[in-house]
Amino acid sequence: MSWVPVRPSASPCPRQQSPAARKRTQLHQLRPAHRYHGVDFAPEGLETARRLLRSAGIPADLYLGDVRTAELPLVDLVVSFGLVEHFEEPAEIMAHHRRFLRPGGVAAVTVPNYAHPALVALLRRFSPETLATHNLRVMSEDSLRTAFATAGLVDIRTGVSGGPTMPNSRVRRDLSGSSYRLAARTWNACSGLLPDGWPWSANIWAAGVQPG
């Protein structure tokens, strides 16, 4: 079994550590026989991934490049975390997930869920950069299902996970932003006490199969 986490270069989000390396570590603990490939457009992100994987003792082939033009071996599983929502056309990005899959392989993605009206109002006031760099239209199970189907994937499944969280990494650089960040971090620390998915879920996921 081999898999490749992807992160293409056209994303407008700032270059920061991708969650893919952390997820890869968790998956390796469950399936240590897997072989791993990864692609990242940011040299610093790639080096961070190398360092984390090396310290965890996880062998991986990592490539610097754009997933839309990269030439990688076909794999059984392609995974991305918090990527698809940075693009206007999610189906196009899912098509690039699909092109790395062997017949019968699986593409799986998760996106954060910032589309709840109450959260949108807070972000508009305290973190407009978050709204500017995320496509809220993809943040629903129906939207992800449509993107997967348009990309040609089949046997599509979707779901949600996690309690409500509030993004706080790109707040306004003033007192109001600092106050929001403190409140958001407090909320996130306590959100596990709320019923799962109420008033919104932290993440939305989807998985689909390469035909053939």
Listed by chain and number, what are the side-chain hydrogen bond (donor to acceptor under 3.5 Å, both in side chains) partners of E92, not counting sequence neighbours? none
Any donor and acceptor pair, going by atom type alone, linking the side chain of S55 with main-chain N or O of R51 inside 3.5 Å? yes
Within the 4.5 Å heavy-atom criterion, are L83 and V109 side-chain neighbours or not? no
Can you measure from CE (M139) to OG (S201) and round to the nearest 0.5 angstrom? 13.0 Å
Compute whether any side-chain donor of one residue and acceptor of the other, for S80 and H97, lie under 3.5 angstrom apart. yes
Report yes or no: does S191 contribute a side-chain atom to a donor-acceptor pair with the main-chain N or O of G163 at less than 3.5 Å? no
Any donor-acceptor pair under 3.5 Å linking the side chain of N135 with the backbone of F87? yes
The complete set of ring-ring contact (aromatic ring centres under 6.0 Å, His included) pairs with one or both residues in residues 156-186, sequence neighbours excluded, reads F126-Y180
For R137, give me all partners under salt bridge (Lys or Arg N to Asp or Glu O under 4.0 Å), at least two apart in sequence or on another chain. E88
Per-pair distances, 0.1 Å, donor-acceptor, side chain in residues 202-212, under 3.5 Å, sequence neighbours excluded:
residue : atom : partner : partner atom : Å
Q210    : OE1  : R98     : NE           : 2.4
Q210    : OE1  : R98     : NH2          : 3.4
Q210    : NE2  : R98     : O            : 3.3
Q210    : NE2  : L101    : O            : 3.3

A107 and L153: which non-hydrogen atoms are nearest, and at how many Å? CB-CD1, 4.1 Å
Between L119 and P167, is there a side-chain heavy-atom distance shorter than 4.5 Å? yes
Could you name each residue pair satisfying side chain to side chain donor-acceptor pair (under 3.5 Å) that touches residues 115-126, not counting sequence neighbours? none
Side-chain (N168) to main-chain (M166) donor-acceptor, under 3.5 angstrom: yes
CD/E85 to OG1/T110 distance, rounded to the nearest 0.5 angstrom? 8.0 Å
Under the rule for side chain to side chain contact (heavy atoms under 4.5 Å, CB included), what residues qualify as partners of L64, not counting sequence neighbours? P43, L46
Got a sec, which residues hit side chain to side chain contact (heavy atoms under 4.5 Å, CB included) with D61, two or more places apart in sequence or on another chain? R35, H37, Y63
Check whether any side-chain N or O of W187 sits under 3.5 Å from a backbone N or O of P164 as a donor-acceptor pair, and report yes or no. yes
Anything under 30° is parallel, anything over 60° is perpendicular, the rest tilted; go ahead and classify H134 against H86. tilted
Do L62 and L53 make a side-chain contact, defined as non-hydrogen atoms from C-beta onward lying under 4.5 Å apart? yes
Run the side-chain hydrogen bond (donor to acceptor under 3.5 Å, both in side chains) test against T146 and tell me which residues pass, sequence neighbours left out. none
List for me each residue that meets side chain to side chain contact (heavy atoms under 4.5 Å, CB included) alongside D142, sequence neighbours excluded, and say none if there are none. S140
Any side-chain heavy atom of P128 sitting closer than 4.5 Å to one from R172? yes
Before giving the answer on side-chain contact (heavy atoms from CB on, under 4.5 Å), spell out for M94 and T150 the whole-Å C-alpha distance, their side-chain angles and the decisive distance to 0.1 Å. CA-CA 9 Å; M94 289 314 307; T150 302; over 6 Å; no
Validation row: V171, S178 side chains within 4.5 angstrom (heavy atoms): no
Sequence neighbours excluded, which residues qualify as side-chain hydrogen bond (donor to acceptor under 3.5 Å, both in side chains) partners of E89? none
So CG of D66 and NE2 of H96: to nearest 0.5 Å the spacing works out to 7.5 Å
Hey, could you give me the CZ/OG1 distance between R170 and T130, rounded to the nearest 0.5 Å? 5.5 Å
From CA spacing to verdict: side-chain contact (heavy atoms from CB on, under 4.5 Å), V160, N113: CA-CA 9 Å; V160 298; N113 183 17; 6.0 Å; no
From CA spacing to verdict: side-chain contact (heavy atoms from CB on, under 4.5 Å), Y114, V120: CA-CA 7 Å; Y114 301 160; V120 171; 5.9 Å; no
So the salt bridge (Lys or Arg N to Asp or Glu O under 4.0 Å) pairs with at least one residue in residues 143-162 (sequence neighbours excluded) are none
Of all residues at least two apart in sequence or in a different chain, which pass the side-chain hydrogen bond (donor to acceptor under 3.5 Å, both in side chains) check with S179? none
